Structure formats: C-alpha cells, structure tokens
Amino acid sequence: MTTRIDIFSELSGRQKEAVQHTEGPLLIVAGPGSGKTRVMAHRIAYLTSVEGVAPWRVLAVTFTNKAARELRERAESLVGGDNSGLQVRTFHSFCAYVLRQDGGQIGLDPAFSIYDGDDQQRLVRSILEELDLDPKQFAPRAILSGISDAKNKMIDDSRLSKLSKSYFEEVVARVYVRYTELLATANAVDFDDLLLRAHTLFENNPEVLEKYQDRYRHVLVDEFQDTNAIQFSLARLLAAKHKNICVVGDPDQSIYSWRHADIRNLTDFQSVYPDTKTVTLDQSYRSTQTILDAASGVITHNDERLKKDLWTENNRGAPVTVGEAYDEDEEARVVLQEINRLVDEDDFDRREIAVMYRTNAQSRAMEAACNRHGVTYQLVGGTKFYERKEIRDTVAYLRLTVNPSDDAALERIVNVPARGISPRSVDAIRTIARTRGTSMLNVILQVDDEELGLEEALNKRAVNSVRAFADLMERLIEQSIILSAVDLLDLTLERSGYKRLVQEDKERGEERWDNILELRGSASNFEGPEPRERLIEFLENVALVSDIDSLEDDEDAITLITLHQAKGLEYDAVFMIGMEEGLLPHSRSLESVADTEEERRLCYVGMTRARKRLYMFHAFQRGFRGSRGAMMPSRFLGEIPLACVETVSIRRNSRTVRKVTPARGAAAGGSRGYDPTDIKRQAVTSGAVRTAQRGDFRVADRVSHPTFGDGIVIEAVDTGGDTEVTVAFGNGNGLKKLMAEFSGLKKVEPGKSTKAKHEDPELGDAFLDAP
DNA sequence: TTCCCCACCCATTGG
DNA sequence: GGGTGGGGAA
C-alpha cells in the first residue's frame, strides 16, 4: 500500500493544493504540460487511498476512451492496487451506461442502437423523400446540423417549428419531428440523444437522479473547456448533492465550439459555484522555454482571452524551425528528412515524433512519402476501421439481431449479399413499415400476413427472397440469446453468406476478411455470462470508439495526426505542416473573429504538444481537390517572436535542409516576427525551384493572357515544341494549365502590369476559394 | 435484379 | 482525386 508521502513526492505546491482540496467545487486552470493528468490521477488516488472513499463512489469524465484508460491506469498504479468500480468514462459512454440501466423510465429499451453520422444521413434522406423535398436544396448535412443545434439548446421537436424564422428552418423543424418519430420506432438514439436523453431522464425522474447522486461523492471533469451546455448540466445534476465537483481545463485550448462546446462553462464556473476554489497550474514541465515563448507569442494575439503566462524551468532549447517547401510533396520529403536526421543524429525516438495538420486530406502526401521512403507511421483516423464497408455491414447484422427495430442496420444489409430483395422491394417494405409505425424487420417477419399487404406489393420471386431473409434473421435472433458475441458473429457471417461474398472478392477479399477477423478479435473481449448483455456492450463500444483510442504508444512509428486529435498528447518533436492561410486558419473560419481565434488556439494546441523541437512548414503551392493553388503563409507564423525562430530554405530535389540563421537577431528583431515573404523570395532566388524552369517562361514570371488577364507562372514544363505552363490568375480565374505559345500567353515586365497591385499572387491571391 | 460505368458533387475539425 | 448515385445493359 502506498503511503501519503509517496503520493505527494512528485507534486508541486500548486498541484498538491489541487489534489488535497477534496471538499467543495474546484476549478483547475491548467496550461499545456502543467501536469493536469498527473493531478487528476493523484487526486483519485488520494481520495481512495488516503480519504478512504470507495473507488465506485468516484466518477471521472474524460474526452476520449484513451484518456479514460490512461487516467484509470495511472490512478491504479499510484495506489498500487485495485480500483475496481472506479468510473472513468467519456460523457457519451457514461450516458449510454445510465440509459441502459434506467432508460426504461423514458421509454427506451435497453437494447437501443446508437445511430452514427452515416445512419443519421440516410435517415434524413429518406425523410426528405417522404416529405417530397429536394436533398440538393436541403442538404442532409445542414439539416442534421440544425437538428443538432436544437438538441444542444434542449429544444425538442415539438417546439422547434414555433421558433423557426425562415423556410429552411421550418423544413429543419419538420424533418426533426419525423426524425424523432423514426428514431423512436427504431429504438435508436443519435450521439446528441445520448447526452440529451440522459439529461431528460435525470430531470424528469428525481428518484433515478438521486440514485446516481448518492453513489458519486466525487465528480471530476477533464478538458472542461470543450464541454457543452448539456454536459455541464449533467455534471451539475450529478454533483448537486455532495457539491464535490472538480473541473480541469484551459480556455486557450478550447477548439470544439463547432461541436457546441461552450467556453462559458469554464469562464462562468465561479459564478455557478460561488465557493469555488481555483488553482492555476502555469508551470510547464513539458516544453522548452523557446517553444513556450513561440506559442505565447501566437496566443496573445487573441483578444477574447484571459491572460495566463506559462513558465518553465526547462532549458531554452532549440529555436522553432520555420520553412517553406515548394509543394506538399516536398514538404513531406523535408519532414521525413529531418525526422531521419533527428533519429540518426540526435537520438530521437520515432515514437516521440508526430506530424500534425489541420485537415485529414493532408495526410495523403505524408503517407505517400512515408511509403516511398520506408518510414513506418501510425495514422490516426485514416480510412477509419469502423467505417469500412465490411465492418459496418457485419456490425449491422449484429445490431439488427440485438435490436430488430434498427431500420438503419436493416437497410444496410437487407440485400447484402444480393439475395433478390431489390431497392423497389425495400421501398415497399419501408412504406408499409412507416405507415404502420413499425420497424421494417417487423414487416418482413410478417411477410405472410395478408393484412400487411406486403405479399401484394412484391412479385412472387421477391416474396420468396423476403421470406428467406426473415428465416435467417429469426434464427440469428434466437441464437443471440445463448451465443457469445464471437460465436454469433461466426454464425452470422456463415449463414448470411457474407463470408462467401467477401472471400469471393478477388482484389481486396483477403484484406477485407482480415478486417472482419480483427473485429472478431475485439468481440472476443466481450465474453462472459449473460452473452446478450456482453454483445450489447460490444456494440456500444463499437459505436463509441474514437480514432484516437486506437493510437498505440509502443509502436516504433511516427504519428500522423490532426491538430484536433493531438489535444492532450505530447511528443519530443512536432512537425506542423500546411501552415498556410486557408488551411490554418482554415478558409471556413475567416468570416468571424471568434472562429479565427479558435484556429489560433488550434495552432497553440499544436505548438504546445512539443517537448524539445518544433517545426512549422508551409508550402508555396498545394494540391486541392485535383487542382493546385498558390498559398500564402499562415498569419500565425508572423506572430511568433523572431527571437524564437530559425528559418530554413529548402532546395528542391536536394537531400539537405540548409539552415539559414536569421540575420535579424533577437535584439534587432523588435516586434517583427517571421516574415514569410522574405523566405519566399529567398527560396525562389536561390534556385529552390529551378528544375521547374523551362523555355521562355519561368516560375514566378508575370504573364498576361487575352481572356484570363494577368497572372503569375507557378510551374513550367517543356513539352518539346511548346511550354506547358501553370498560371495562377487573379480576378478569381484561379489556376490554368496552358500551352504558352498556343494560348497567346505574354510575359509582362515588372512594373508594366496594367492591373492593380492586389492581383500580385505574392501579396494575397490564395486560390483556395477560387471557383 | 444485378452489375458496371460515368457523371457529379464534394472535404474542416469528430463522439 | 474519390465516393456515391443514377442510368443503362446483360
């Protein structure tokens, strides 16, 4: 048994304070690397081993399953023993747990399904069809986002139409009504519902709430800056009795407002709980002073911000390396070169290196480069395992077996493998089911019931096919009560013909079957008595995994990850790529100051993931949806104090990264930060892009075209007779590939351009939004 | 009824 | 560049 001394030996004064304040509300404002996970783990250990609180009386809520697992493990290793019963979960998984226990009170069958985004979209599409509305005019995505907004404001379907101010909102309200009905028929909930319905359950059933209030004497919430209104309300309800609520967060790392996260939860915490004790952890044990200075330089540009200065006793460390690459391929190559150098010369471990980016699409160039250069990598997200067709199909069979009302699952597999139930037949089944307010499988199982009229609606062959499917599902449902998840999976794959379908796929069959076996492997973790309960657990697990959960710490590989998913992680070396206007900050965020500030926080999150080395690259041009665009370096680069920066010039097709120490020293730098236009000029004049120069037209030449107007040459390839040039035109004409002579392209001498200055691509024509 | 091909539309971030 | 959905042929 660990003693009290041991628990405290590795904590700072502030950290101890946070651990020991166990009675009453506690707000921990924790900067990046200030040891908040350590504090939470110690706090749990302190509660259970020193204060004698039973582990099952502690509820800790984290942002991801991975964080939950890690927190539990750390707390357990501190007390050196059993913490069983300790609840460490995500909000979603906690709510699912509550709803399985007590959802009956609000009419939810414990075997309910959890609809994912894809299920939701299909459902909305079918509703639009039902209501005779054009999905092009009313994008299912937009409608779902409207429904989600309503749910997060706790507006139920019966009230929304009264609040709608436009025809579109009226449509959203109408779809919402039907959507709610159909989810109920399917005995299903969506992600928002998990939170919302648990909340409703607590509010409407005091005796249920009290049960949980009594049980949890201590409630801890991690990443509190990214919780939404419902989540905070849930936490408040749960803690209302004992008032022992401890929240940990950092307003500078709030990056999920688009998912309804509300920073006011954090900033207003003290007014909700006036007797709050606040502890600020501002010492970083993670990053070098230079990295902290660079990150602070960026984040202080946010106007909406509570001032907080991080400090560290760590070394100054190396400067932040900033550089421009020609395009995304070169960017990837340079990153890998530098990674190899770090590993070979500076003894860095590949496991401790990550490449971070704003959008998932950016991983492609990195992956290609890794494959070409034989660098092993772990991609977080990627072609997400649970979104692969064979996985979704297999899971759909199991979902339908557990919850026969699950129409989304049924629609997915009713004719997979093809068994003679055509889309027309499915339409007929759906229509009957919806008219009768029942599920589609229910209709199918009653195919011989004349009253339903299914037999009439279908032709003879289809009726036989439907009957065969009904037999299959009946058998599977029967077996699901007695078989384990794995055995049921095997039976399902065999009897449904899905196994044969996959294995007959000559091109990808083996790979797809391997994926199914992997799913089978994770199902084997859910064995035990009451197989049906275990199966439901397994399916819930499948529905609630996040990409980050599968990140392995012990794989000898570099990590490729989005900035959002990198939250909470740390690496010795971090490479942030795509540091360009339009990507970071993302073009979709430029309309509002609040959104742009969130992009800056995202940049801050990325930078503060680094312990020792931080690299930030931007590209001169980048591929985008098949075409290419000239890119401007991100404004955030210019916000880094010069004294922290080392710029590099990258030579195309060369194997070395030449370091250029800025001539402007720390003292001379004044308030100016990194000036990207300098490096661009340097790169162009130093021949960084020389291989692209051909014929009369050279990269960076100003040109004029009879129809497209003035532009600048981005690429020039000699094709023998003529020169094929890629030109970035102003006036929203974007990028064009032209045969120089044939198209009548003319060079324009500097200064002779007739067009205004703003058309100079070097100044600002980022082409991300060009038509 | 199924399968294949082409056109079109699209991707910010994610539980 | 890729996924999906619709339309046409077998």
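Keep in mind the model is a prediction, meaning the values are calculated, not measured. Each chain gets a letter, A, B and so on, in the order the sequences are listed, and its residues count up from 1.
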Asker: Look at the side chain of A/Ala418 and decide which nucleotide, out of B/dT2, B/dT1, B/dT12, has an atom nearest to it.
Answerer: B/dT2
Asker: Figure out the CD/P separation between A/Glu387 and C/dG2, and round it to whole Å.
Answerer: 17 Å
Asker: Sticking with atom P, work out how far C/dT4 lies from B/dT13, rounded to a whole angstrom.
Answerer: 16 Å
Asker: Give the ring-plane orientation class for A/Trp258 versus A/His564, where under 30° counts as parallel, over 60° as perpendicular and anything between as tilted.
Answerer: perpendicular
Asker: Can you tell me if the side-chain N/O atoms of A/Gln565 get under 4.0 Å from OP1 or OP2 in B/dG14?
Answerer: yes
Asker: Contact class for A/Arg419 (heavy atom, under 4.0 Å): base, sugar-phosphate, or nothing?
Answerer: sugar-phosphate
Asker: Measure the distance from CG on A/Asn152 to C1' on B/dG15 and round it to the nearest whole Å.
Answerer: 12 Å
Asker: How long is the line joining OH of A/Tyr115 and C1' of B/dG14, in whole Å?
Answerer: 21 Å
Asker: Using atom NZ of A/Lys567 as one end and atom C1' of B/dG15 as the other, report the distance to the nearest whole Å.
Answerer: 12 Å
Asker: Would the distance check show the side chain of A/Arg358 and the main-chain N or O of A/Leu584 forming a donor-acceptor pair, the cut-off being under 3.5 Å?
Answerer: no
Asker: Just compare C/dG1, B/dG14, B/dG15 and give me whichever is closest to any side-chain atom of A/Ile548.
Answerer: B/dG15
Asker: Can you figure out which of B/dT13, B/dT1, B/dG14 approaches the side chain of A/Thr359 most closely?
Answerer: B/dT13
Asker: Just N and O in the side chain of A/Arg588: are any of them under 4.0 Å from OP1 or OP2 of B/dT12?
Answerer: yes
Asker: Please work out which of the three classes, parallel, tilted or perpendicular, describes the rings of A/Tyr498 and A/Tyr397, given edges at 30° and 60°.
Answerer: perpendicular
Asker: Please confirm whether the shortest side-chain N or O distance from A/Asn415 to OP1 or OP2 of B/dT2 is below 4.0 Å.
Answerer: yes
Asker: Determine if A/Tyr256 stacks with B/dT13; use a centre-to-centre distance below 5.5 Å and an interplanar angle below 30° as the criteria.
Answerer: no
Asker: One thing to verify: whether A/Lys36 and A/Glu223 come together as a salt bridge, which I'm taking to mean a side-chain N less than 4.0 angstrom from a carboxylate O.
Answerer: yes
Asker: Please classify the nucleic acid contact of A/Ala361 as base, sugar-phosphate, or nothing, using heavy-atom distances under 4.0 Å.
Answerer: base
Asker: Evaluate side chain to side chain contact (heavy atoms under 4.5 Å, CB included) for A/Leu551 paired with A/Gln565, printing each intermediate quantity in order.
Answerer: CA-CA 10 Å; A/Leu551 185 65; A/Gln565 293 188 305; over 6 Å; no
Asker: Under 4.0 angstrom, heavy atoms only, what part of the nucleic acid is A/Arg601 near: base, sugar-phosphate, or nothing?
Answerer: nothing
Asker: NA contact type, A/Ala543, heavy-atom cut-off 4.0 Å: base, sugar-phosphate, or nothing?
Answerer: nothing
Asker: A/Ser422 side chain N/O closer than 4.0 Å to the phosphate oxygens (OP1, OP2) of B/dT2?
Answerer: no
Asker: Please answer whether B/dT13 and A/His564 are stacked, defined here as ring centres separated by less than 5.5 Å and planes angled under 30°.
Answerer: no
Asker: Answer yes or no: does a side-chain N or O of A/Ser546 lie under 4.0 Å from OP1 or OP2 of B/dG14?
Answerer: no
Asker: Out of B/dG14, B/dT1, B/dG15, which nucleotide sits closest to the side chain of A/Ser425?
Answerer: B/dT1
Asker: Using whole Å, report how far CZ of A/Arg461 lies from C1' of B/dT1.
Answerer: 7 Å
Asker: Below 4.0 angstrom from OP1 or OP2 of B/dG15, is there any side-chain N or O of A/Ser148?
Answerer: no
Asker: Which of these nucleotides, B/dT12, C/dG2, B/dT1, is closest to any side-chain atom of A/His586?
Answerer: B/dT12
Asker: Atom CD of A/Gln121 and atom C1' of B/dG14: how far apart are they, to the nearest Å?
Answerer: 14 Å
Asker: Pick the nucleotide of DNA chain B nearest each of A/Gly117 and A/Arg424; which residue has the one closer to the 5' end?
Answerer: A/Arg424
Asker: Less than 4.0 angstrom between a side-chain N/O of A/Asn65 and OP1 or OP2 of B/dG15, yes or no?
Answerer: no
Asker: How many angstroms lie between atom OH of A/Tyr326 and atom CZ of A/Arg622, to the nearest 0.5 angstrom?
Answerer: 13.0 Å
Asker: Using a 4.0 Å heavy-atom cut-off, does A/Ser465 contact any base of the nucleic acid, only the sugar-phosphate backbone, or nothing at all?
Answerer: nothing
Asker: Starting at atom CH2 of A/Trp258, determine the distance to atom C1' of B/dT13, rounded to an integer number of angstrom.
Answerer: 4 Å
Asker: Does this structure show an ion pair linking A/Asp119 with A/Arg122, if we count only N-O contacts that are shorter than 4.0 Å?
Answerer: no
Asker: Using purine N1 to pyrimidine N3 plus N6-O4 or O6-N4 for Watson-Crick, or N1-O2 and O6-N3 for G-U wobble, each under 3.5 Å, what pairs with B/dC4?
Answerer: C/dG7
Asker: Using OP1 and OP2 only, check whether a side-chain N or O of A/Asn360 sits under 4.0 Å from B/dA11.
Answerer: no
Asker: Tell me the interatomic distance from A/Leu544, atom CG, to B/dG14, atom C1', rounded to whole angstroms.
Answerer: 13 Å
